[in-house]
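Okay, so here's the structure we're looking at.
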Amino acid sequence: MTEPAVPAENLSPRWAGGRRTEPPRTGDERATLTAFLDWHRATLEAKCAGVAPERLSEFGVPPSGLSLHGIVRHLAAAERWWFRIQFAGEDVPMLYYTDDDPDQDFTDLGGDTGEALAVWRAECARSREIVAAAPGLDTRGARPRSGEPFTLRWLLVHLIAEYARHNGHADLLRERIDGTVGA
């Protein structure tokens with residue numbers, strides 16, 4: 001059976017630029033999950049590339065308080081929270097969070113956007129190290145307060161979903177900033 005031909009103009013435009021490697025269509029579960037997470041990380045990087053620093057902090061779709069800068073900060077915090085604190089049990093402070101201001105990743109956008117991207121990249125790199133060091137996908141982490149266990153497999157799927165959701169937001173924000181679109 002052959003695939004039906006679809007005219008190129010009916011396909012979603014491809015994102016110009018960026019360094020995204022397509023996840024493999026065959027491979028073991030670990031390689032597939034980590035490749036999809038890295039693809040989503042690269043997608044966020046691409047959506048932020050070429051945007052003037054001051055525009056990264058714009059709340060582009062009122063009344064939403066989302067910005068590309070805030071999404072980067074939020075995902076840096078998510079990487080740290082899930083991989084370092086909850087899975088690996090590292091004793092590191094949370095990023096962009098206090099009990100008095102739990103949404104500061106999205107709302108307190110002072111500071112350098114380049115620094116926020118560097119923090120996010122560093123958290124992604126540390127997460128990759130933690131995943132590489134884990135013996136397998138059934139390796140467990142635990143929620144600090146409840147002790148509820150979860151597996152590395154669950155964590156990878158959870159973060160893929162988190163990135164997918166926020167990359168959808170990033171698509172809309174980037175299109176609003178300069179009209180750039182693409183999957």
Side-chain angles (χ1 to χ4, degrees), residues 12-23 33-88 90-133 155-156 158-183:
S12 296
R14 301 304 300 165
W15 187 262
R19 297 183 303 266
R20 295 187 306 170
T21 301
E22 288 291 325
L33 291 171
T34 56
F36 266 95
L37 182 53
D38 277 337
W39 185 86
H40 277 289
R41 289 169 174 151
T43 298
L44 180 63
E45 180 99 31
K47 296 294 177 177
C48 294
V51 176
E54 65 277 2
R55 301 222 53 200
L56 287 171
S57 298
E58 285 180 11
F59 300 128
V61 188
S64 171
L66 290 177
S67 68
L68 290 171
H69 185 183
I71 291 171
V72 166
R73 287 168 50 106
H74 174 73
L75 290 171
E79 294 268 357
R80 178 176 284 202
W81 171 251
W82 282 107
F83 286 106
R84 296 180 72 181
I85 297 172
Q86 298 219 51
F87 184 74
E90 292 182 10
D91 185 17
V92 293
M94 294 193 341
L95 291 172
Y96 318 119
Y97 174 90
T98 64
D99 288 340
D100 293 333
D101 189 4
D103 294 323
Q104 65 182 261
D105 46 356
F106 291 117
T107 60
D108 181 10
L109 298 179
D112 182 72
T113 56
E115 180 182 326
L117 283 161
V119 167
W120 170 73
R121 288 182 193 112
E123 291 300 327
C124 291
R126 180 65 187 121
S127 295
R128 286 185 194 97
E129 292 170 357
I130 290 167
V131 170
L155 176 53
L156 290 168
H158 179 71
L159 262 288
I160 290 166
E162 182 82 3
Y163 271 91
R165 178 174 34 260
H166 290 303
N167 279 337
H169 299 137
D171 284 339
L172 294 171
L173 291 165
R174 181 61 189 262
E175 184 176 6
R176 179 79 170 131
I177 288 170
D178 64 7
T180 302
V181 297

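Just so you know, residue 1 is the first one in the sequence shown, and it goes up from there.
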Between the side chains of E58 and S67, is a donor N or O closer than 3.5 angstrom to an acceptor N or O?
no

Pairing donors with acceptors under 3.5 angstrom, does anything connect the side chains of T180 and D178?
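Note: T180 and D178 side chains meet the donor-acceptor criterion.
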
Step-by-step side-chain contact (heavy atoms from CB on, under 4.5 Å) determination, Q104 to T98
CA-CA 8 Å; Q104 65 182 261; T98 64; 3.5 Å; yes

Are the side chains of [X] and [Y] in touch, meaning some heavy atoms are under 4.5 Å apart?
X: R41; Y: R121; result: no
X: D171; Y: K47; result: yes
X: F87; Y: V131; result: no

Ring centroid separation for H74 and F106, is it under 6.0 angstrom?
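Between F106 and H74, which both carry aromatic rings, the centre distance is below 6.0 Å.
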
Donor-acceptor list for residues 111-118 side chains, cut-off 3.5 Å, not counting sequence neighbours:
residue, atom, partner, partner atom, Å
D112, OD2, G114, N, 3.0
D112, OD2, E115, N, 2.7

Closest contact, heavy atoms only, L44 versus A170:
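In this case the closest contact between L44 and A170 is CD1-CB, 4.3 Å.
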
Pairing of R126 and E129 as salt bridge, 4.0 angstrom limit
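Yes, charged N to carboxylate O under 4.0 Å.
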
For a side-chain contact (heavy atoms from CB on, under 4.5 Å) check, start with the C-alpha distance between L109 and F59, then their side-chain angles and the critical distance, and finish with the verdict.
CA-CA 10 Å; L109 298 179; F59 300 128; 3.7 Å; yes

Under the side-chain contact (heavy atoms from CB on, under 4.5 Å) criterion, do V119 and V72 qualify, and how do the steps go?
CA-CA 9 Å; V119 167; V72 166; over 6 Å; no

With sequence neighbours excluded, tell me which residues meet ring-ring contact (aromatic ring centres under 6.0 Å, His included) with H169.
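By the ring-ring contact (aromatic ring centres under 6.0 Å, His included) rule, H169 matches H166.
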
